[in-house]
Each structure stands twice: as structure tokens, then as C-alpha cells.
Amino acid sequence: MAVTEDHEDHEARPGTGDRQHVVVVGQGHVGLPLALRAAEAGFTVTGIDTDEQRVKRLTAGEAGGVGDVPAERLTAALTSGRYLPTTDYADAAGFDICVITVPVPVRDGVPDRGPIEAAGRAIAPHLRPRATVILESTTAPGTTEDLLRPVLEEGSGLTAGSAFHLGYSPERTDPGNTRWRLENTPKVVSGVNVRSLLAVDGFYARIVRNTVPVSSPRTAELTKLIEDTFRQVNIALVNELATVTGPLGADVHEAIEAAATKPYGFLPFHPGPGVGGHRLPVPHGLLRFAALAQEVNDAMPERVVDRIAAGLDVREKALAGARVLLLGLAYKRNSGDLRESPALAVAALLAARGARVHAVEPYADPARLPADVLCVELTEQEAAAADVVVVTTDHDTFDYTMVARAATYVFDTRDRCRGESVERL
Ligand SMILES: NC(=O)c1ccc[n+]([C@@H]2O[C@H](COP(=O)([O-])OP(=O)(O)OC[C@H]3O[C@@H](n4cnc5c(N)ncnc54)[C@H](O)[C@@H]3O)[C@@H](O)[C@H]2O)c1
């Protein structure tokens with residue numbers, strides 16, 4: 001099916017109900033921006049989250065760096081009266097559209113779809129005829145139809161596809177990306193039948209500029225799996241290349257830039273200390289590629305620390321007792337998202353090997369930073385006093401020229417620094 005629909009005129013689409021009640025389950029990096037966007041588009045929005053602290057903070061107008069949402073945007077939604085954060089599923093009563101954005105945590109390599117099931121059970125008693133339920137969580141193909149559907153049907157006594165609409169639309173959040181945001185990133189949409197697809201598409205047509213309808217929730221779920229695996233595998237490929245080509249004297253960064261001049265069939269990915277962000281819930285045994293890629297990427301923090309120890313050794317210094325300054329702890333550039341961040345793994349390994357770890361992280365909530373890391377501002381003195389400065393996250397706000405000038409030794413995992421003191425991954 002894969003037809004791209006352009007909704008440039010979505011603000012003016014008639015008959016899509018300005019007073020429709022939208023419930024967004026999960027007010028995290030995915031759910032919060034979606035809830036606010038829906039409120040801005042004129043829907044009345046209830047944002048449900050089981051985390052009482054998160055709801056308290058949202059009610060007080062504090063987004064805490066979640067979903068790159070600025071405080072002014074949250075405050076505007078709260079004061080408009082069209083956005084209510086709550087822990088109480090009773091506030092979902094009478095909803096027209098419910099979007100589930102709860103996480104699928106990976107435990108011992110196995111994705112736990114329990115939160116999707118729990119959200120479905122909690123929302124089902126509030127399901128009315130003609131309402132629409134959409135799953136956005138990243139999950140295995142089949143989850144919408146085989147797991148969520150029976151839970152909703154059992155809890156509501158209604159049938160999906162006839163009494164209510166059901167579909168899946170994968171998330172494409174990219175923390176820190178100011179160019180591609182929710183509203184201008186094409187959204188893949190699906191439904192368990194054509195009527196469901198139309199309902200799901202009609203909702204997102206008011207939220208984003210372009211929708212991409214596909215033939216079934218399974219296909220939409222697989223689309224997300226392909227996108228995430230593609231990223232994971234390609235990062236692993238360049239990480240492995242960086243590891244094996246270094247000793248050969250070849251410059252992998254320059255080679256990637258050169259390869260990217262090929263006008264077709266190549267996309268540049270860059271080496272780094274790992275991947276980070278939410279874990280890919282690959283169904284067990286489905287994708288050997290993803291498992292191998294994960295293994296390669298998970299080994300990167302250890303490789304980075306080994307390289308730093310070797311670099312210090314050349315300078316006749318030991319890692320134990322060395323003062324290390326990490327630039328960035330978030331997993332992604334210009335974001336404060338610390339989840340599964342490889343920079344945190346690097347910090348923990350350094351501390352375990354006796355280094356004194358200082359770090360600069362301008363975006364993350366200070367309360368969430370590791371206790372054994374001393375958080376500092378990036379100054380010339382701080383860079384000069386370190387035995388090694390490690391570029392772990394390439395935030396644009398860092399002054400890389402100053403760092404390369406002031407520091408005696410820079411280990412750059414993100415290819416941002418140049419100079420005699422700089423060693424690149
Ligand atoms: N953040 C990203 O960059 C990103 C990108 C693409 C896809 N995703 C996917 O989107 C989904 C959500 O990710 P996120 O980044 O928003 O996670 P998050 O941890 O930031 O937020 C999830 C929220 O859901 C809440 N929650 C958990 N169970 C709940 C329940 N039963 N009822 C109500 N609330 C509940 C949690 O308290 C949390 O606040 C995941 O499946 C993730 O894989 C995330």
C-alpha cells in the first residue's frame with residue numbers, strides 16, 4: 001500500500017472534531033511530545049502515566065528534559081486547559097482516541113511486553129463504540145493483533161475492526177534533532193481493517209504533515225523493526241571498522257566521508273562509544289544480525305577505556321588515579337537522554353579502574369547523573385587539569401577548539417576535535 005499522503009492543510013481539515021478526547025498512555029519521551037502536539041492541534045488531551053513523580057512534575061510545568069519539551073510549551077498546554085497529566089485511568093472515561101506509548105523493557109535480552117498488556121487492560125473498560133486505540137510502542141510484529149486486541153476485546157466486550165478501531169503507528173522520535181520533529185517526520189500508520197486504518201490516519205493527519213498508510217499492523221511493526229535494526233547494524237559495522245582499521249593506520253572517519261560522496265546506495269554512519277537510547281526489543285531468535293550488532297556496540301565502552309589506558313601509558317601515566325574529563329553523558333547529541341548511554345558505561349568502567357571522573361553534561365537532569373562522577377562546567381582550566389579529556393557525546397555547545405588547545409591529551413570518540421593532542425576513535 002505505502003501511499004504517502006500530504007496533509008499540508010491538516011489544520012483546516014473539517015469534521016475531525018475539535019473537541020475530541022485524546023488519551024496518551026505513557027508521558028515519556030514519546031508520549032509527552034505527542035500529547036502536547038495533540039493539545040496544540042485542538043484536541044482535549046489526558047496524559048496518563050503510572051509514575052506519580054513524573055505526573056507531579058508535569059502538573060507543576062516541569063518537563064525535566066523529557067522529549068525535548070521546553071517548559072514554555074508545557075505551561076502553554078496546561079494553561080490552555082486542553083492538557084491534563086494524571087495517574088488515574090478513570091480520567092480516560094469517554095475517550096475518542098487512545099495512543100499507547102509505554103516502554104517495552106528488555107530484560108536479559110528478552111523484550112517484556114507487560115506494560116502494553118497492562119495499559120490495554122486499564123484502558124479497555126473505558127472503550128466505547130467508534131473509539132480508536134493506537135499502539136506506538138516499539139515491539140515485535142504481531143503485538144497489536146495477538147496481544148493488545150484480545151486484551152481490549154475481553155475488557156470492553158467490543159470487537160476490534162467493527163465496534164472500535166485498532167491500529168499501530170511506530171514512533172520515530174529522534175532526541176535532539178531540531179530538523180526532524182514529530183510534525184514534519186512522515187508517520188507510518190496502519191489498522192486491523194480499512195475502517196481502522198482510516199480512523200488512525202485521520203487522527204495523525206491532524207498531528208503530522210505526512211502519513212504513510214501500510215496494509216496491516218504487522219507490516220507497520222516490521223517497518224519499525226527494520227528501521228531500528230538498520231541503525232544498530234550500521235553503527236556496529238563502522239564501530240568494528242574503527243577497531244580493526246586503527247592499527248592499520250587508515251582513517252575510518254575520512255573513509256566514511258569519502259564513501260558518502262557516492263550519490264546512491266550508501267548512507268554514512270559514524271563510530272562512537274556505543275549506541276544507547278531505548279533497547280531494541282528484537283524478538284528472540286528473529287534477527288541474528290541485530291544480536292551480533294548489539295554485541296559489537298555493547299563492547300565499545302570497554303574498547304574506548306582500553307584505548308584511553310593505552311594513550312595514557314604512552315604518556316607515562318596510569319589510568320588508576322588519572323583525572324579524566326568526560327564531555328557529555330547523554331547517549332545522543334544535544335539531548336539530555338541518559339538511557340542506556342554508552343558514556344555512562346565509559347564513566348563506570350573508568351571509575352572501576354581507579355580514575356577520578358569529572359564530566360560536563362549541560363542537558364541532563366543533574367539528579368539523574370551518576371554519584372561517582374563529579375559534574376563540572378567546561379572551562380579552559382578544567383580541560384587543562386585533566387590527564388585526558390574524552391569526547392563522549394558531541395553536543396554542539398562544547399568549544400572543541402578550546403578543548404584541543406587546552407588539553408594535553410584528548411580522546412575523541414565522536415570525530416569533533418582536531419590537533420596534536422587529539423587521538424580519534
Ligand atoms: N525515546 C525514543 O527515542 C524512542 C524512539 C522510538 C521509539 N521509542 C519507543 O517508544 C516507547 C516509549 O518510549 P519512551 O522513550 O517514551 O519511554 P519513557 O520511559 O520515556 O516513557 C514511558 C512512560 O510510560 C510510563 N508507563 C509505563 N507503564 C505504564 C502504564 N502501564 N500506564 C501508564 N504509563 C506507563 C512510564 O512511567 C514512563 O513515564 C518504547 O516502546 C520505545 O521503544 C522510543
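Order of appearance sets the numbers: ligands from 1, and atoms from 1 within every ligand.
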Geometric N/O contact Asp49 with ligand 1, under 3.5 angstrom:
yes
Between Thr138, Thr139, Thr173, which one has a non-hydrogen atom sitting closest to atom 9 (C) of ligand 1?
Thr138
Might you work through the salt bridge (charged side-chain N to carboxylate O under 4.0 Å, His left out) test for Arg231 and Glu227, ending with a clear yes or no?
CA-CA 6 Å; Arg231 170 172 175 263; Glu227 289 173 15; over 6 Å; no
Are Arg128 and Asp96 close enough for a salt bridge, meaning some N to O gap below 4.0 Å?
yes
Any chance the side chains of Arg113 and Thr143 put a donor and an acceptor closer than 3.5 Å?
yes
Pair Asp337, Arg368 - check salt bridge (charged side-chain N to carboxylate O under 4.0 Å, His left out), show working.
CA-CA 10 Å; Asp337 197 337; Arg368 291 176 182 261; over 6 Å; no
Closest heavy-atom approach to atom 27 (C) of ligand 1 among Pro103, Ala122, Pro115, Pro105 is made by Pro103
Does ligand 1 have an atom under 4.0 Å from some heavy atom of Arg339?
yes
Are Thr101 and Glu171 linked by a side-chain donor-acceptor pair shorter than 3.5 Å?
no
With heavy atoms only and a cut-off of under 4.0 Å, state how Glu136 meets ligand 1: side chain, backbone, both or neither.
neither
Short N/O distance, under 3.5 Å, between Lys224 and ligand 1?
no
Under 4.0 Å from one or more heavy atoms of Ser137, ligand 1 contributes atoms 41 (O)
With Asp415, which residues qualify under salt bridge (charged side-chain N to carboxylate O under 4.0 Å, His left out), at least two apart?
Arg418, Arg424
Tested for side chain to side chain contact (heavy atoms under 4.5 Å, CB included) against Leu326, the lone hit among Leu350, Val360, Leu344 is Leu350
Counting only heavy atoms, which portion of Pro175 has something under 4.0 Å from ligand 1: side chain, backbone, both, or neither?
side chain
Any idea which of Val102, Asp337, Val24 brings a heavy atom closest to atom 28 (N) of ligand 1?
Val102
Does an N or O anywhere in His29 fall below 3.5 Å from an N or O of ligand 1?
yes
Would you say the side-chain atoms of Thr46 and Asp91 include a donor-acceptor pair closer than 3.5 Å?
no
Number the atoms of ligand 1 from 1 as they appear, then name those within less than 4.0 Å of a heavy atom of Arg54, with their elements.
20 (O), 21 (O), 38 (C), 39 (O)
Numbering the atoms of ligand 1 from 1, which are under 4.0 Å from a heavy atom of Val25?
32 (N), 33 (C)
